[in-house]
Amino acid sequence: STKADASESDLESWIERLLNQLKQVNSQMQAWVSSGGSEMVSHTLNRHQEIFQDLTQEFYRLRSNLRAKQEHASLLDDFKEFDRTRLDLEEGSGSEQQTLLKERASISRSTGQMDTVISQAQATLGALVFQRSTFGGINSKLSNVSSRLPTVNNILSAIKRKKSMDTIILSLVGSVCIFLIFIYWLTK
């Protein structure tokens with residue numbers, strides 16, 4: 001069990017190192033593209049970033065599944081130990097010893113529950129970190145599109161100005177109509 005845990009931990013750290021290396025390569029490519037790299041490298045960079053996000057998401061998903069299965073196995077082991085302890089208590093081997101065994105079983109259950117809560121918190125943290133990187137990627141993609149297509153940005157701002165102007169005009173027309181209706185009502 002400890003040997004398997006050590007190999008899983010080594011494998012997990014090795015995968016994290018590889019993901020960090022891919023992230024560094026993407027950062028270097030981003031710097032090169034920002035300094036005037038070719039369009040082909042820009043498309044390659046986008047593809048690499050998508051692959052990085054997919055791999056990171058899959059890694060966090062598999063890691064949380066593995067931890068959940070380990071917790072499940074641990075809880076089953078604790079339950080089996082609790083059953084053995086209960087059988088020993090039923091046979092009766094002294095009141096002081098029974099009290100100590102009950103206390104040990106209670107501590108074991110509490111420890112298992114705390115491990116479950118901690119692993120859930122770690123899985124949630126991993127998901128939040130992934131979401132933050134995803135949203136950061138979306139923001140950079142939007143800024144790339146707006147910088148590459150300034151005419152689209154100009155068109156969007158013109159549409160916003162037109163929409164706000166239309167809103168102002170409709171508000172004024174509505175106000176004048178209400179005012180005229182109010183005057184008509186007062187004169188009658």
Side-chain angles (χ1 to χ4, degrees), residues 1-35 37 40-90 97-149:
S1 169
T2 57
K3 199 174 202 182
D5 289 341
S7 67
E8 288 170 1
S9 175
D10 291 342
L11 183 60
E12 184 177 325
S13 63
W14 179 67
I15 290 172
E16 285 178 336
R17 280 195 307 270
L18 289 176
L19 286 173
N20 284 333
Q21 287 176 354
L22 181 58
K23 186 177 183 180
Q24 289 174 352
V25 168
N26 286 346
S27 298
Q28 291 170 354
M29 285 177 67
Q30 179 69 37
W32 191 71
V33 167
S34 297
S35 66
M40 186 172 91
V41 175
S42 174
H43 290 294
T44 304
L45 171 65
N46 288 337
R47 181 64 185 139
H48 276 240
Q49 288 173 338
E50 291 170 2
I51 290 171
F52 172 72
Q53 288 178 352
D54 290 343
L55 291 175
T56 305
Q57 182 179 13
E58 185 69 16
F59 172 68
Y60 284 131
R61 186 185 65 77
L62 289 174
R63 184 171 69 177
S64 65
N65 284 345
L66 177 65
R67 287 188 178 155
K69 288 183 183 193
Q70 287 172 341
E71 291 167 14
H72 183 69
S74 172
L75 289 174
L76 288 178
D77 287 342
D78 289 344
F79 183 72
K80 288 177 185 175
E81 182 179 323
F82 176 71
D83 266 356
R84 277 186 252 125
T85 305
R86 189 170 49 98
L87 288 175
D88 290 343
L89 287 175
E90 288 174 359
Q97 204 173 22
Q98 287 177 353
T99 306
L100 289 175
L101 287 175
K102 284 181 183 179
E103 190 173 333
R104 183 172 185 267
S106 174
I107 290 171
S108 177
R109 283 192 312 270
S110 298
T111 304
Q113 290 173 348
M114 285 190 299
D115 287 342
T116 302
V117 170
I118 289 172
S119 65
Q120 288 173 349
Q122 288 174 340
T124 304
L125 175 65
L128 289 174
V129 166
F130 176 72
Q131 285 177 358
R132 180 172 35 169
S133 67
T134 301
F135 286 133
I138 290 171
N139 190 20
S140 66
K141 286 179 183 179
L142 286 176
S143 64
N144 283 342
V145 167
S146 67
S147 67
R148 288 183 186 173
L149 304 171

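Residues take their numbers from the sequence shown, with the count starting at 1. These values consider heavy atoms only, across backbone and side chains, with no hydrogens, waters or symmetry-generated copies.
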When rounded to the nearest 0.5 angstrom, what is the spacing between [atom1] in [X] and [atom2] in [Y]?
X    : Y    : atom1 : atom2 : value
R109 : R104 : CZ    : CZ    : 12.0 Å
L125 : S64  : CG    : OG    : 12.0 Å
S7   : E12  : OG    : CD    : 11.0 Å
I15  : T56  : CD1   : OG1   : 11.0 Å
I51  : R47  : CD1   : CZ    : 4.0 Å

Legend entry - Shortest non-hydrogen separation from F52 to L19 and the atoms involved: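 Closest approach of F52 to L19, heavy atoms only: CE1-O, 3.2 Å.
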
Set of residues satisfying side chain to side chain contact (heavy atoms under 4.5 Å, CB included) with respect to [X], sequence neighbours excluded:
X   : answer
Q21 : L18
Q49 : N26, Q30, L45, N46
L62 : E58
Q28 : none

Among all residues two or more places apart in sequence or in another chain, which pass the salt bridge (charged side-chain N to carboxylate O under 4.0 Å, His left out) test with [X]?
X    : answer
E16  : R63
E103 : none
R17  : none

Inset, instruction - Verify, without hydrogens or angle tests, whether T111 (side chain) and I107 (backbone) share a donor-acceptor contact under 3.5 angstrom. - result: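 Such a contact is found between T111 side chain and I107 backbone.
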
